[in-house]
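Each chain gets a letter, A, B and so on, in the order the sequences are listed, and its residues count up from 1. Computed over heavy atoms, backbone and side chain alike; hydrogens, waters and symmetry mates excluded. Keep in mind that this is a model prediction, so the values were computed, not measured.
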Protein chains: 2
Amino acid sequence: MKNKPPENPAFRMTPQRAEILRFLDGNKSHPSAEDIYARLKRKFPGMSFATVYNTLQTLISNGQLAEIKIDAARKRFDPGLTPHHHLLCVRCGLIADLPARRQAPPKGAPKGFKILICNVEYYGICPACGRGGNKEKISWKKK
Amino acid sequence: MKNKPPENPAFRMTPQRAEILRFLDGNKSHPSAEDIYARLKRKFPGMSFATVYNTLQTLISNGQLAEIKIDAARKRFDPGLTPHHHLLCVRCGLIADLPARRQAPPKGAPKGFKILICNVEYYGICPACGRGGNKEKISWKKK
DNA sequence: TTTCATAAGTAGAATCGTTCTAACCTAAGA
DNA sequence: TCTTAGGTTAGAACGATTCTACTTATGAAA
């Protein structure tokens with residue numbers, strides 16, 4: 001994601017928003033709203049959670065950010081707008097990006113269904129967990 | 001899904017569980033916990049929501065049911081255990097099944113990552129919405 | 001059949017991520 | 001400077017899910 005303001009003229013680049021954009025720029029960790037809030041709080045101790053959600057919502061409507069639904073417990077956000085797939089370790093929760101391969105149009109789709117996006121997720125066991133390195137079953141913070 | 005008790009000897013087939021299984025058997029509507037609860041309530045007015053969640057959790061651990069994460073607002077459950085993909089209308093929320101096509105192993109996965117499941121979701125506009133038939137932007141009940 | 005251990009069910013509280021609301025703040029244009 | 005509208009904030013509200021304490025049902029053993 002390029003770290004510059006959206007074309008939308010109503011979008012004001014405030015310090016909080018600039019910092020959110022800076023944090024997301026090139027970030028491959030698929031942060032949750034809380035991750036972003038925790039990070040921003042360091043720089044803006046008085047910051048509100050609502051600002052994070054508002055900004056994320058704005059960025060999504062502007063097409064600058066995607067929400068990924070891999071984690072049922074919380075929303076995660078992905079600034080990587082070049083098409084890519086996700087690889088998820090069911091033991092430790094690691095989420096990695098994969099280069100997208102060309103996806104053939106699906107067979108069996110109803111006539112007239114217009115496909116916009118294709119999402120591919122692979123679930124499996126990462127090398128560390130496979131070796132028994134990660135004792136934790138699920139390391140995603142539940143708190 | 002076959003409507004019979006799992007092999008797990010600790011699984012007791014109670015009337016509530018039998019009814020949940022019957023409701024899920026062959027159900028392609030990807031019901032949420034609330035959908036299931038609402039339906040079961042007709043037959044068991046005294047039923048608790050916790051029973052629904054407990055049973056669903058048990059069925060998932062037994063590998064009899066899959067949780068699908070297409071809808072960020074609530075969990076949905078899919079008894080169709082034969083591999084298949086999902087097609088989702090971003091306007092009306094319709095979720096349809098697609099026959100799974102053979103998915104080639106992903107390129108770029110870390111060495112030693114053991115793939116277990118591959119999930120493919122197509123997002124788009126269904127024929128009805130494309131024709132402007134569905135005026136509702138999102139018909140998923142938001143309450 | 002009675003006893004007993006334990007799985008399952010219930011009501012309702014608790015949790016927690018997310019959204020909403022109302023008040024205030026601030027930048028920018030008139 | 002005044003006005004306006006978008007942005008921020010604190011905190012309440014919301015809603016899906018989980019947890020807890022308790023009761024009930026089941027099935028095996030005595």
Side-chain angles (χ1 to χ4, degrees), chain A residues 5-21 30-41 43-62 64-65 67-77 93 137-138 140-143, chain B residues 5-21 23 30-62 64-65 67-77 93 137-138 140-143:
Chain A
E7 302 74 47
N8 182 347
F11 187 94
R12 283 191 200 156
M13 184 53 70
T14 65
Q16 289 91 337
R17 287 179 168 183
E19 193 64 20
I20 291 176
L21 284 166
H30 311 87
S32 65
E34 194 185 351
D35 296 333
I36 298 166
Y37 176 67
R39 172 59 176 269
L40 273 277
K41 198 85 191 193
K43 192 152 187 175
F44 304 99
M47 185 178 211
S48 161
F49 229 123
T51 300
V52 174
Y53 279 106
N54 287 341
T55 303
L56 292 173
Q57 199 45 62
T58 304
L59 293 172
I60 289 170
S61 333
N62 284 344
Q64 294 204 292
L65 189 66
E67 178 189 319
I68 59 174
K69 307 195 185 75
I70 272 190
D71 183 352
R74 62 186 62 68
K75 295 182 174 180
R76 287 171 176 273
F77 300 91
K137 266 291 170 58
I138 287 288
W140 293 353
K141 53 177 180 251
K142 275 285 281 183
K143 247 279 147 90
Chain B
E7 302 74 48
N8 183 346
F11 187 93
R12 284 190 197 158
M13 184 53 71
T14 65
Q16 290 90 337
R17 287 179 168 185
E19 192 63 21
I20 290 176
L21 284 165
F23 177 56
H30 311 88
S32 65
E34 194 186 350
D35 296 333
I36 297 166
Y37 177 68
R39 172 58 178 268
L40 274 277
K41 199 87 190 192
R42 304 215 287 246
K43 192 151 187 176
F44 302 100
M47 186 177 211
S48 160
F49 229 124
T51 300
V52 175
Y53 279 106
N54 288 341
T55 302
L56 292 173
Q57 199 46 60
T58 304
L59 293 172
I60 289 171
S61 333
N62 283 344
Q64 294 204 291
L65 189 66
E67 177 189 320
I68 59 175
K69 306 195 186 74
I70 272 190
D71 183 352
R74 62 187 63 69
K75 295 182 174 179
R76 287 169 176 275
F77 300 91
K137 266 292 169 60
I138 287 289
W140 293 352
K141 55 175 178 253
K142 269 289 280 185
K143 241 291 150 72

Worksheet item: Do the side chains of B:Lys75 and B:Ile60 get nearer than 4.5 Å, heavy atoms only?
Response: no
Worksheet item: Do A:Tyr37 and A:Arg39 have side chains that get closer than 4.5 Å, going by heavy atoms?
Response: no
Worksheet item: In whole angstrom, what separates B:Asp35's CG from D:dT17's P?
Response: 10 Å
Worksheet item: Side-chain N or O of B:Gln16 less than 4.0 angstrom from OP1 or OP2 on C:dT10?
Response: yes
Worksheet item: What's the CZ-C1' distance between A:Phe11 and D:dT8, to the nearest Å?
Response: 14 Å
Worksheet item: Regarding B:Asp35 and B:Ser32, is there a side-chain donor-to-acceptor distance under 3.5 Å anywhere?
Response: yes
Practice prompt. Would you check if A:Leu21 and A:Thr55 make a side-chain contact, meaning some heavy-atom pair closer than 4.5 Å?
Written response: no
Discussion item. Protein within reach of the bases, or only the backbone? For nucleotides 22-30 of chain C, mark each nucleotide 5' to 3' as B, S or -, using heavy atoms under 4.0 Å.
Written reply: ---------
Worksheet entry | Interatomic distance, A:Phe77 CZ vs C:dG17 P [rounded to whole Å] | 13 Å
Fill in: Nucleotide C:dT18, atom P - distance to CD1 of A:Ile60 in whole Å
11 Å
Item to complete: Could you check if a side-chain atom of A:Arg76 sits within less than 4.5 angstrom of a side-chain atom of A:Glu67, using non-hydrogen atoms only?
Response: no
Worksheet item: Distance-only, no hydrogens or angles: does the A:Asp71 side chain make a donor-acceptor pair with backbone N or O of A:Ala73 under 3.5 Å?
Response: yes
Worksheet entry | N or O in side chain of B:Arg17 less than 4.0 angstrom from C:dA8 OP1/OP2 | yes
Worksheet item: Counting distance only, does the side-chain N/O of B:Ser61 pair as donor-acceptor with the main-chain N or O of B:Gln57 below 3.5 Å?
Response: yes
Worksheet item: Going by heavy atoms in the side chains, are A:Ile68 and A:Phe77 under 4.5 Å from each other?
Response: no
Worksheet item: Hey, what do you get for CD1 (A:Ile36) to CD1 (A:Ile20), rounding to the nearest 0.5 Å?
Response: 6.5 Å
Discussion item. Does anything in residues 40-56 of chain B come within less than 4.0 Å of DNA chain D? Heavy atoms only, and list the residues if so.
Written reply: B:Ala50, B:Tyr53
Item to complete: Can you tell me the distance, in whole Å, between the OH atom of B:Tyr37 and the P atom of D:dG15?
Response: 16 Å
Worksheet item: Would you say B:Lys75 reaches D:dT18's phosphate, i.e. side-chain N/O to OP1/OP2 under 4.0 Å?
Response: yes
Item to complete: In whole angstrom, give the distance that lies between atom CD1 of B:Ile68 and atom P of D:dA16.
Response: 17 Å
Worksheet, complete the sentence: On DNA chain D, more 5' by nearest nucleotide between B:Gln57 and B:Thr14 is B:Gln57
